[in-house]
S.K.: 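Sharing a structure here in structure tokens format.
Reminder, nothing fancy here: chain letters follow the sequence lines and each chain counts from 1.
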Amino acid sequence: MDFIRQIVAEDMKTGKWNGRVHTRFPPEPNGYLHIGHAKSICLNYGIAAEFGGKFNLRFDDTNPAKEEQEYVDSIIADVKWLGAQWEDRLFYASDYFHQMYDGAIELIKKGLAYVCDLTADQTRQYRGTLTEPGQNSPYRDRSVEENLDLFTRMKNGEFPDGSKTLKAKIDMVNPNINLRDPVMYRILHAGHHRQGDEWCVYPMYDWAHGIEDSIEGITHSICTLEFENHRPLYDWFLEQLEWYHPQQIEFARLNLTYTVMSKRKLLQLVKEKHVSGWDDPRMPTICGLRRRGFSPEAIRQFCKVIGVNKFNSTVDYALLEHCLRDHLNATSPRVMAVLNPLRVVITNYPDGQVEEMNAVNNPEDAAAGTRKVPFSGTLYIERDDFMEEPPKKFFRLAPGREVRLRYAYFVTCTDVVKNAAGEITELHCTYDPATRGGDAPDGRKVKATLHWVSAEHALDAEVRLYEQLFTKENPDEVEEGKTFLDNLNPDSLSIIKGCKVEPSLKDTKPLDRWQFERMGYFCTDYDSTANKLVFNKTVGLKDTWAKIQSKER
RNA sequence: UGGGGUAUAGUGUAACGGUAGCACGACUGACUCUGGAUCAGUUAGUUGGGGUUCGAAUCCCUAUACCCCAGCCA
């Protein structure tokens, strides 16, 4: 059990919150959610679910300059897709603006907040530095009446942006800089995506967040490590207000190898078109992973196994892939698809004959049933499954060698047909009619089983292959003068056209997940239509042959 | 140089004064109509130095390293 669940369990035992558990996920709608957010969602929702508590989805929309409805919509869709349930508790911080305003008036009346006329620049100077104390603002000792009057007029829009702020009167020499009279409100004559033009002052995070949690009756306010320095402020505001006071707990955010997670950088990748959009299958965004073919179960399992801690760490991307394969293996229907087709003619197969072969849909799941796959005298197999001069450990097809065509027949390669340039254009094989279905009655064995499609029945498809978006485990590790963009992998996307897939894929819909036998897991793309099938490679199967090859190289 | 945090195999984590365990990865092998899956096994760790204790990853001292904080962002 992680340290946060231990705290919650202990609180349940002592009755600290009267047996309640109430968590929340509070995204700012200024970007798309990514796998790091999934960690937080799974943590917060998971704790609520496990302890019989409640979970809120709340938009922390206190900065109209950066926030948009588009992000709100995507976040709702992503949290829902991940499986977290908030029932009727979808909230917006901006709906609490009146309560925040009232709270500010209260603090002014207690002499704990004041209107300050210092500019942003001056505020910075008065704050001091990490090692030097700050100085009191000359406006710090205004009377309650004057503060009330000025703050009201700030709210009414009488002053221009940046001309005044409301600050908490705490301690300008505190070693924790966050406590040196932090700004509670700034003037922003900006329309809010939900509140319209009602407000000319907007609350800052430190002031707003505790109030939001307090209003919603949150018990455990779980956030990331960088807010640890802010906890004294979170506590201070709620103590002075004497409002209901949740406990803030911080945990380490997720880092993943070969991945950038900062909103700024993800936004840059999108804006500068290094990727096709927020849902580019190479992006670590939830919508990107979804389009890539990830399942919510796989992401949830990943969030479970990485654990929760207070120290920074970087999780190996291979662990994510492991969780992915694990779930996809159990659930994905198998299908045969030839990505790089090589034509095969079965020379002794009766002219014009077509047979329907029985194929298992998912050997991991008997309930998935079987299907028929058409077989004929002209087929396609994978080019990589044939070698004219096979090295020792290559078990697949080669001249004179017999292999099995999955669910069909044993075939033996008799001839290699080449064009003028010496490239292999076609293979001639013979088949053994006695091996129909894939088993030899005489018990003889073959070392390989190949996937195939019937040339006449196959559907054309485009397949998009992906590699890591970055070439370095840590994309932010760069030489002087370079940026993470210099670590972009130029080969992260390759598009293969002219792939041949079995006819059962005819009616596939976007987001359908498949295993292309022996190739990997694939997901039907949004771009796919009945006339033009398009698949994304989610992740390859573990490939021992590829490993042998790369070792010998 | 101020304050707040954190250090366990290659990676992610557990052990809460009592045999350092699990997972991923890597490597062997078995099995297999997916070179998948499955199964069996191997590999490798408590940041350094002191102390307390019968006994320390755990408690104390000390050193070191890393992360966060000087937005009218969250």
Side-chain angles (χ1 to χ4, degrees), chain A residues 1-2 6 26-28 30 60 62-63 65-67 116 118-121 123-125 127-134 161-167 174-180 182-188 201-202 204-206 208-209 223-232 250 252 257 263 305-323 325-326 329-330 334 336 359-360 363-364 393-396 403-408 410 435 437-440 445-451 473 515-521 540-548:
Chain A
M1 192 157 58
D2 62 71
Q6 283 179 31
E28 183 189 11
N30 70 343
D60 204 357
T62 56
N63 185 356
K66 295 185 175 179
E67 297 154 7
C116 182
L118 255 26
T119 64
D121 243 17
T123 294
R124 193 174 313 122
Q125 282 159 17
R127 186 157 36 224
T129 69
L130 294 177
T131 52
E132 300 156 32
D161 286 5
S163 60
K164 284 178 168 40
T165 56
L166 183 74
K167 288 178 178 170
N174 198 295
N176 181 347
I177 287 190
N178 298 124
L179 261 18
R180 319 240 263 231
V183 173
M184 293 168 63
Y185 277 95
R186 72 281 213 188
I187 299 173
L188 245 34
V201 290
Y202 288 92
M204 298 288 290
Y205 170 86
D206 287 311
H209 204 84
C223 61
T224 45
L225 244 32
E226 66 270 25
F227 293 102
E228 216 161 7
N229 296 325
H230 296 248
R231 193 174 59 223
E250 310 85 12
T257 55
K263 275 187 191 174
V305 301
I306 57 174
V308 181
N309 242 318
K310 287 203 70 159
F311 46 91
N312 299 303
S313 57
T314 302
V315 178
D316 196 334
Y317 195 87
L319 184 54
L320 213 209
E321 288 188 331
H322 167 76
C323 297
R325 288 194 185 102
D326 198 44
N329 176 50
R334 284 125 264 187
M336 291 195 280
V360 174
E364 306 293 321
K393 289 177 178 166
F394 184 85
F395 304 149
R396 281 109 94 146
V403 298
R404 170 169 38 234
L405 295 180
R406 178 146 232 218
Y407 300 126
F410 284 15
T435 57
D439 285 305
K445 302 278 185 199
V446 286
K447 291 196 83 173
T449 299
L450 309 187
H451 61 281
E473 278 202 16
Q515 185 199 93
F516 289 179
E517 293 226 26
R518 305 205 308 130
M519 303 305 290
Y521 297 97
L541 254 22
K542 281 202 187 165
D543 190 343
T544 30
W545 169 239
K547 200 174 279 181
I548 291 166

S.K.: Taking only the C1' atom of each, what is the distance from B:rA15 to B:rU46 in whole angstrom?
M.R.: 11 Å
S.K.: Please measure how far the C1' atom in B:rA40 lies from the corresponding atom in B:rG4, and state the result in whole Å.
M.R.: 49 Å
S.K.: Does A:Gln6 contact B:rC16 through a side-chain donor or acceptor facing the base, at a distance under 3.5 Å?
M.R.: yes
S.K.: Does any N or O in the side chain of A:Arg334 come within less than 3.5 Å of the main-chain N or O of A:Glu517, such that one atom is a donor and the other an acceptor?
M.R.: no
S.K.: So which heavy atom on A:Arg396 is nearest to which on A:Ala448, and how close?
M.R.: CA-CB, 3.8 Å
S.K.: If we check side-chain contact (heavy atoms from CB on, under 4.5 Å) with A:Met184, which of these qualifies: A:Asp206, A:Leu166, A:Val201?
M.R.: A:Leu166
S.K.: Do the side-chain N or O atoms of A:Ser313 get closer than 4.0 angstrom to the phosphate oxygens (OP1, OP2) of B:rU13?
M.R.: yes
S.K.: Measure CG/A:Asn229 against P/B:rU6 and give the value in whole Å, please.
M.R.: 12 Å
S.K.: Please give the distance between the P atoms of B:rG50 and B:rC16 as a whole number of Å.
M.R.: 26 Å
S.K.: Mind checking if A:Tyr202 touches a base, just sugar-phosphate, or nothing, with heavy atoms under 4.0 Å?
M.R.: nothing
S.K.: Could you state the atom-to-atom distance from CE of A:Met1 to C1' of B:rU13 in whole Å?
M.R.: 15 Å
S.K.: Separation of A:Phe311 atom CZ from B:rA14 atom C1', in whole Å?
M.R.: 11 Å
S.K.: Output the rounded distance in Å from CG (A:Asp316) to P (B:rG12).
M.R.: 9 Å
S.K.: Contact class for A:Glu132 (heavy atom, under 4.0 Å): base, sugar-phosphate, or nothing?
M.R.: nothing
S.K.: Apply the side-chain contact (heavy atoms from CB on, under 4.5 Å) test between A:Glu250 and each candidate in A:Leu225, A:Asn229, A:Thr224; give the one that qualifies.
M.R.: A:Leu225
S.K.: Does the A:Thr257 side chain pair with the main chain of A:Tyr317, one donor and one acceptor, at a distance under 3.5 Å?
M.R.: yes
S.K.: Give the minimum heavy-atom separation between A:Arg186 and A:Thr62, together with the two atoms involved.
M.R.: NH1-O, 3.7 Å
S.K.: Would you measure the distance from the C1' atom in B:rU13 across to the matching atom in B:rG71 and give it in whole Å?
M.R.: 36 Å
S.K.: Show the nearest heavy-atom pair for residues A:Leu118 and A:Lys167, with the distance to one decimal.
M.R.: CD2-NZ, 4.1 Å
S.K.: Quick check: closest heavy atoms across A:Asn30 and A:Glu67, and the distance to 0.1 Å?
M.R.: CB-CG, 4.4 Å
S.K.: If only side-chain N and O atoms of A:Asn174 are considered, is one of them under 4.0 Å from the OP1 or OP2 phosphate oxygen of B:rG2?
M.R.: no
S.K.: I need the NE2-P distance between A:His322 and B:rG12, as an integer number of Å.
M.R.: 17 Å
S.K.: Determine whether a donor-acceptor pair (N or O, by modelled atom type, separation under 3.5 Å) exists between the side chain of A:Asp316 and the backbone of A:Ala318.
M.R.: yes
S.K.: Which atom pair, heavy atoms only, marks the closest approach of A:Lys310 to A:Glu228?
M.R.: NZ-OE2, 2.5 Å
S.K.: Please give the distance between the C1' atoms of B:rA44 and B:rA56 as a whole number of Å.
M.R.: 22 Å
S.K.: Within this structure, what is the OH-to-P distance between A:Tyr407 and B:rU32, rounded to whole angstrom?
M.R.: 16 Å
S.K.: What N/O pairs connect the protein and nucleotides 70-74 of chain B at under 3.5 Å? Give each pair on its own line.
M.R.:
residue: B:rA70; atom: O3'; partner: A:Arg127; partner atom: NH2; Å: 3.4
residue: B:rA70; atom: O2'; partner: A:Arg127; partner atom: NE; Å: 3.3
residue: B:rG71; atom: OP2; partner: A:Arg124; partner atom: NE; Å: 3.1
residue: B:rG71; atom: OP2; partner: A:Arg127; partner atom: NH2; Å: 3.1
residue: B:rC72; atom: OP1; partner: A:Arg127; partner atom: NH2; Å: 3.4
residue: B:rC72; atom: OP2; partner: A:Arg127; partner atom: NH1; Å: 3.0
residue: B:rC72; atom: N3; partner: A:Gly162; partner atom: O; Å: 3.4
residue: B:rC72; atom: N4; partner: A:Leu118; partner atom: O; Å: 2.7
residue: B:rC72; atom: N4; partner: A:Ala120; partner atom: N; Å: 3.1
residue: B:rC72; atom: N4; partner: A:Gly162; partner atom: O; Å: 3.1
residue: B:rC73; atom: OP2; partner: A:Arg186; partner atom: NE; Å: 3.0
residue: B:rC73; atom: OP2; partner: A:Arg186; partner atom: NH2; Å: 3.0
residue: B:rC73; atom: O3'; partner: A:Arg186; partner atom: NH2; Å: 3.1
residue: B:rC73; atom: O2'; partner: A:Asn63; partner atom: ND2; Å: 3.2
residue: B:rC73; atom: O2'; partner: A:Lys66; partner atom: NZ; Å: 3.4
residue: B:rA74; atom: OP1; partner: A:Thr62; partner atom: OG1; Å: 2.8
residue: B:rA74; atom: OP1; partner: A:Arg186; partner atom: NH1; Å: 3.2
residue: B:rA74; atom: OP1; partner: A:Arg186; partner atom: NH2; Å: 3.0
residue: B:rA74; atom: OP2; partner: A:Tyr205; partner atom: N; Å: 2.9
residue: B:rA74; atom: O3'; partner: A:Asp60; partner atom: OD2; Å: 2.8
residue: B:rA74; atom: N6; partner: A:His230; partner atom: NE2; Å: 3.3

S.K.: Is the glycosidic angle of B:rG71 within 90° of 0, making it syn, or outside that range, making it anti?
M.R.: syn
S.K.: Without decimals, in angstroms, what is the distance between A:Asn312 CG and B:rU13 C1'?
M.R.: 15 Å
S.K.: Given the P atoms of B:rA70 and B:rC22, what is the spacing between them in whole Å?
M.R.: 43 Å
S.K.: For atom C1', what is the distance between B:rU11 and B:rA74, given to the nearest Å?
M.R.: 30 Å
S.K.: Pairs counted only when both distances fall under 3.5 Å, Watson-Crick or G-U: show me the 5' to 3' dot-bracket for RNA chain B, [ ] for pseudoknotted crossings and | for other-strand partners.
M.R.: .((((((..((((....[..))))((((((.......))))))...(((((..]....))))))))))).....
S.K.: Within the side chain of A:Arg404, is there an N or O that forms a donor-acceptor pair under 3.5 Å with the backbone of A:Thr435?
M.R.: no
S.K.: Provide, to the nearest angstrom, the distance between the CZ atom belonging to A:Arg231 and the P atom belonging to B:rG4.
M.R.: 12 Å
S.K.: Using the C1' atoms only, state how far B:rA65 lies from B:rU43, rounded to an integer number of Å.
M.R.: 27 Å
S.K.: At their closest point, which heavy atom of A:Tyr202 faces which heavy atom of A:Leu188, and how far apart are they?
M.R.: CE1-O, 3.3 Å
S.K.: Give A:Gly438 one of three labels, base, sugar-phosphate or nothing, depending on what nucleic acid heavy atoms sit under 4.0 Å from its own.
M.R.: base
S.K.: Taking A:Lys66 first and then A:Glu28, would you say they form a salt bridge - that is, a charged N and a carboxylate O separated by under 4.0 Å?
M.R.: no
S.K.: Do nucleotides 34-41 of chain B as a string where each nucleotide becomes B, S or -: B if the base has a protein heavy atom under 4.0 Å, S if just the sugar-phosphate does, - if no protein is that close.
M.R.: BBBS----
